[in-house]
Amino acid sequence: MCLERVARVTVWDVKISELDRARLKKWAEQCIPAHAKAEIAVGCTVRGSAAVITEERAPWDGVRQWTSRRVARLRCTDEGWRVDGADRNGRWYPCDHLPTVPSLDEALTVLDDPRHAFWG
């Protein structure tokens, strides 16, 4: 009987800098045109090494609270930025088909690319 030895790869998470936090906030504010901001918004919550991007919608009747749907999670690691998607239940899954990118700008470009269907 032959057993294969599998190498273990450890990825260290890196905290998101204040500069990148500001860039995320600016990107989220610029995603929606001015005429639609009363109905839809893009949110970004940063915690440690992860930024969660959400789509927020106004209530259809104008009475209830805004609803929020997870769109993507950007994780800052020592290798670069990784992008995770959210399923319909808000659970994260790795986007293995997307490479780790070296900069935040490239990760945000991945989110804007319609071929990846993060926005529905």
Side-chain angles (χ1 to χ4, degrees):
M1 182 159 113
C2 179
L3 296 177
E4 287 186 40
R5 194 172 179 136
V6 179
R8 210 180 255 194
V9 177
T10 303
V11 177
W12 298 99
D13 289 339
V14 179
K15 210 171 187 181
I16 297 176
S17 69
E18 291 299 320
L19 178 62
D20 284 341
R21 288 173 188 248
R23 289 166 62 202
L24 282 163
K25 182 179 177 184
K26 182 178 178 183
W27 173 83
E29 290 171 353
Q30 294 176 345
C31 282
I32 306 299
H35 70 276
K37 289 192 178 198
E39 298 174 14
I40 189 168
V42 173
C44 179
T45 305
V46 176
R47 185 174 178 184
S49 63
V52 176
I53 308 298
T54 56
E55 178 186 79
E56 300 167 4
R57 292 194 174 261
W60 61 272
D61 60 2
V63 178
R64 299 186 183 123
Q65 294 181 349
W66 282 55
T67 57
S68 180
R69 178 182 75 87
R70 290 177 171 182
V71 174
R73 178 175 63 181
L74 307 176
R75 291 185 295 138
C76 184
T77 67
D78 58 348
E79 296 175 347
W81 289 86
R82 293 186 177 196
V83 180
D84 297 330
D87 65 13
R88 66 182 180 170
N89 298 315
R91 293 188 191 108
W92 299 116
Y93 62 89
C95 293
D96 295 330
H97 63 285
L98 298 175
T100 300
V101 292
S103 71
L104 175 60
D105 291 332
E106 290 181 56
L108 294 173
T109 301
V110 168
L111 290 181
D112 290 335
D113 190 339
R115 294 175 295 171
H116 301 303
F118 284 101
W119 301 98

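No hydrogens, no waters, no symmetry mates; every other heavy atom, side chains included, goes into these values.
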K.L.:
Taking only residues two or more places apart in sequence or in another chain, which ones pass side chain to side chain contact (heavy atoms under 4.5 Å, CB included) with His35?
P.N.:
Pro33
K.L.:
I need the minimum non-hydrogen distance between Trp27 and Leu111, along with the two atoms involved.
P.N.:
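Looks like CH2-CD1, 3.9 Å.
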K.L.:
Could you pull out all residues at least two apart from Arg88 that satisfy side chain to side chain contact (heavy atoms under 4.5 Å, CB included)?
P.N.:
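Arg88 satisfies side chain to side chain contact (heavy atoms under 4.5 Å, CB included) with no residue once adjacent residues are dropped.
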K.L.:
Just grab all the salt bridge (charged side-chain N to carboxylate O under 4.0 Å, His left out) pairs involving residues 28-47, residues at least two apart or on different chains.
P.N.:
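Every candidate salt bridge (charged side-chain N to carboxylate O under 4.0 Å, His left out) pair involving residues 28-47 fails, so no pair, neighbours aside, qualifies.
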K.L.:
Looking at CH2 of Trp81 and CG of Asp20, how far apart are the two atoms once the value is rounded to the nearest 0.5 Å?
P.N.:
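Here the interatomic distance stands at 5.0 Å.
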K.L.:
Indicate the atoms forming the closest heavy-atom contact of Ile16 with Ala51, along with that distance.
P.N.:
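The pair with the smallest heavy-atom distance is CD1-N, 3.9 Å.
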K.L.:
Kindly write out the residues that satisfy side chain to side chain contact (heavy atoms under 4.5 Å, CB included) with Ser68, not counting sequence neighbours, or none if the list is empty.
P.N.:
Thr54, Glu56
K.L.:
Does one hydrophobic cluster hold both Ile40 and Val71, with members joined at side-chain heavy-atom distances below 4.5 Å?
P.N.:
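Same cluster: Ile40 reaches Val71 through Ile, Leu, Val, Met, Phe, Trp or Tyr contacts under 4.5 Å.
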K.L.:
Mind checking what makes side chain to side chain contact (heavy atoms under 4.5 Å, CB included) contact with Asp61, not counting sequence neighbours?
P.N.:
Pro59, Val63, Arg64
K.L.:
Determine all donor-acceptor pairs shorter than 3.5 Å in which one atom belongs to a side chain in residues 99-107; sequence neighbours excluded.
P.N.:
from, atom 1, to, atom 2, distance (Å)
Ser103, OG, Glu106, N, 3.2
Ser103, OG, Glu106, OE2, 3.4
Asp105, OD1, Arg23, NH2, 2.8
Asp105, OD2, Arg23, NH2, 2.9

K.L.:
Return yes if some donor-acceptor pair links the side-chain N/O of Asn89 with the main-chain N/O of Arg91 below 3.5 Å, else return no.
P.N.:
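Not a single qualifying donor-acceptor pair exists.
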K.L.:
Report the hydrophobic cluster partners of Trp92, with the cluster defined as I, L, V, M, F, W, Y residues connected by side-chain heavy atoms closer than 4.5 angstrom, directly or transitively.
P.N.:
Val52
K.L.:
Measuring from Cys44:SG to Leu24:CG, what's the distance to the nearest 0.5 Å?
P.N.:
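Between atom SG of Cys44 and atom CG of Leu24 there are 4.0 Å.
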K.L.:
So how far is it from Tyr93 OH to Asp84 CG, rounded to the nearest 0.5 Å?
P.N.:
9.0 Å
K.L.:
In the structure I gave you, are the side-chain heavy atoms of Ile53 and Phe118 within less than 4.5 Å of one another anywhere?
P.N.:
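Of all side-chain heavy-atom pairs linking Phe118 with Ile53, none is under 4.5 Å.
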K.L.:
Which salt bridge (charged side-chain N to carboxylate O under 4.0 Å, His left out) pairs, counting each pair once, include a residue from residues 92-104, with sequence neighbours left out?
P.N.:
none
K.L.:
Which Ile, Leu, Val, Met, Phe, Trp or Tyr residues join Leu19 in one cluster when any pair of side-chain heavy atoms under 4.5 Å counts as a link?
P.N.:
none
K.L.:
Between CG of Leu108 and NZ of Lys26, what distance do you get to the nearest 0.5 Å?
P.N.:
12.0 Å
K.L.:
Just to verify, what does Arg70 make a side chain to side chain donor-acceptor pair (under 3.5 Å) with, not counting sequence neighbours?
P.N.:
none
K.L.:
From Arg69 CZ over to Glu55 CD, what is the distance, rounded to the nearest 0.5 angstrom?
P.N.:
4.5 Å
K.L.:
With sequence neighbours left out, what residues match Asp112 under salt bridge (charged side-chain N to carboxylate O under 4.0 Å, His left out)?
P.N.:
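None.
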